[in-house]
Amino acid sequence: MSHIHLPDGVLPVWLWASGFIIAILIGFILFRFAKKEVLAKKLPLLGMMAAVMVLGASVEIVPIAYHVNLMVISGILLGPSLIFLATFVVNVILALFGHGGITVIGLNTLTLSIEGILGYLFFRLFWKISKRLTPAAFAATFLALCLSTFSMIGVVGLGVSHYEELIHKDGGHGIFEFKLLKEESDPHEEGKERGEANFRRFIAIVLPLGFLGWILEGIITTLILRYIHRLRPDLLRREIKAS
Amino acid sequence: MIQLSYLDYLAVEGKSFLHRLSAGWKIVGMLVVLSGIVILRNLFGLSLLYGILLGLFFACRLPLRIFSLTLYPLVFAILFIFISGFQIHFILLVFLKVLSGSTGVVLLLGTTPYPSIFVALDKLLPSIFVTALFLTYRSIFILLKVLEETQHALYLRGGLQWNHPWRSLNNISNAFGHLIIRGIDASEKMYESMMLRGFKNKIHYKGE
């Protein structure tokens with residue numbers, strides 16, 4: 001749910017350009033301090049996990065336009081620094097299939113990385129405290145998705161004035177005009193109120209759908225982790241030990 | 001995603017003028033389309049851009065089956081139109097931007113074999129990033145094959161049934177778990193074979 005499914009040209013240039021700059025800076029810092037041999041060794045794994053995420057994203061639950069990200073599980077298996085590069089790669093490939101615009105790759109990388117990194121940290125913490133995989137996996141996924149969805153809403157919210165500009169480009173003539181409460185008012189104030197109301201409407205739609213998604217992905221991630229723990233427990237322990 | 005291999009086949013086997021054009025020029029063309037999408041804010045300009053892309057799509061004789069891929073991103077755009085208060089101008093603007101972007105991308109992928117795209121990208125982006133991109137792209141094909149086999153197993157275990165949601169969730173999760181484990185095993189083998197072939201942080205493409 002935290003993936004910004006926005007087409008190119010809707011977000012203001014300063015916003016998506018900042019997303020790119022910040023993502024590139026973080027990527028640069030991570031590469032600067034990463035051991036090249038370790039990175040090269042983990043590249044095939046990174047590619048494989050990125051492919052799993054791409055395949056997960058292509059399985060759409062149509063009524064609520066939801067797809068699993070598998071970002072938390074990838075974060076747990078890859079670790080916080082590799083998940084950033086994996087997210088970048090996933091977003092490039094998804095954008096090449098029209099799954100979010102090309103210009104929002106930077107912003108999507110940042111919001112989805114939050115999901116992967118927080119998922120990894122929460123999972124480690126909760127598993128250490130509770131010693132039980134199921135509650136730790138579910139709580140970590142739920143919280144990570146919740147926080148990354150709020151960060152996505154925050155990013156979309158930063159562009160509200162720009163959307164208003166696009167909406168009112170034709171002089172404000174829409175299919176539905178919301179002029180029931182005020183007959184005459186200052187056009188600037190009216191536009192401001194309408195903009196706020198519309199963004200609230202966006203949040204009102206995204207959050208309930210998101211809530212369903214967090215639960216659904218929480219359950220799926222937990223079941224996948226239980227499956228992996230049953231067959232290849234070393235994969236989960238290896239990351240925990242490595243940290 | 002299942003159509004990825006078909007797209008790849010079309011890119012290699014196609015004979016149109018766009019197929020013959022170099023990948024570098026097509027990427028530049030895609031950047032021009034993207035700039036148009038970002039800059040244009042009127043319906044006429046965007047309709048014109050989309051019209052040109054549609055014209056190119058049919059001129060390249062790409063099959064109609066692939067055209068459905070260009071419509072897929074509209075599913076996500078629908079969520080975003082709620083922010084506009086259903087302003088028809090905004091909806092059309094967003095839809096045209098979405099369609100222009102997706103048609104441009106499908107045109108690029110349907111007329112350019114992916115190694116050629118990666119060779120062109122390798123000149124602009126860090127090689128480690130392009131290598132990761134290449135390995136991901138290759139892994140998608142490996143996993144698609146595993147997914148195909150898993151689907152049969154899933155079907156034999158009851159598959160996805162809306163009247164048995166818990167069983168369906170369990171089946172989906174087991175399928176993804178299986179996919180991940182098989183993927184990790186395949187990645188370990190891939191790394192070993194890459195090392196045997198002299199891999200040193202960079203993949204060298206044919207002709208380099």
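Sequence lines set the chain letters: A, B, ... in the order given, protein chains first and strands last, and positions in each chain run from 1.
Atom CZ of B/F176 is separated from atom CD1 of A/I224 by 6.5 Å, given to the nearest 0.5 angstrom. Expressed to the nearest 0.5 Å, how far CG of B/L53 lies from CG of B/L48 amounts to 10.0 Å. Taking OG of B/S139 as the reference point, atom CZ of B/F134 lies at 9.5 Å (rounded to 0.5 Å). Separating the OG atom in A/S113 from the CG atom in A/L85 is a distance of 9.5 Å, to the nearest 0.5 Å.
With a threshold of 4.5 angstrom between heavy atoms, B/M194 approaches chain A through side-chain atoms but not through N, CA, C or O. Heavy atoms closer than 4.5 Å to chain B are found nowhere in A/M53, neither backbone nor side chain. Heavy atoms closer than 4.5 Å to chain A are found in the side chain of B/L109, but not in its backbone. There is no contact between A/I203 and chain B, counting heavy-atom distances below 4.5 Å. Of the atoms belonging to A/I73, it is side-chain heavy atoms, and not backbone ones, that fall under 4.5 Å from chain B. Contact annotation for A/V52: both backbone and side-chain heavy atoms come within less than 4.5 Å of a heavy atom of chain B. The parts of B/A186 that come within reach of chain A are both its backbone and its side chain, each placing non-hydrogen atoms under 4.5 angstrom from that chain. The part of B/I142 that comes within reach of chain A is its side chain, from C-beta onward, which places non-hydrogen atoms under 4.5 angstrom from that chain. Of the atoms belonging to B/L169, heavy atoms from both backbone and side chain fall under 4.5 Å from chain A.
Proximity of a side-chain donor or acceptor of A/K41 to a complementary backbone N or O of B/Y191 within less than 3.5 Å is not detected. Under a 3.5 Å cut-off, the side chain of A/T111 and the backbone N or O of A/N108 do form a donor-acceptor pair. Proximity of a side-chain donor or acceptor of B/D122 to a complementary backbone N or O of B/F118 within less than 3.5 Å is not detected.
No other option in A/V13, A/L225, A/L223 has as many heavy-atom pairs under 4.5 Å with chain B as A/L223. Ranked by heavy-atom pairs under 4.5 Å with chain B, the first of A/A50, A/A86, A/A204, A/S74 is A/A50.
For the pair B/W166/A/I219, a side-chain contact is recorded, criterion being any heavy-atom separation below 4.5 Å from C-beta on.
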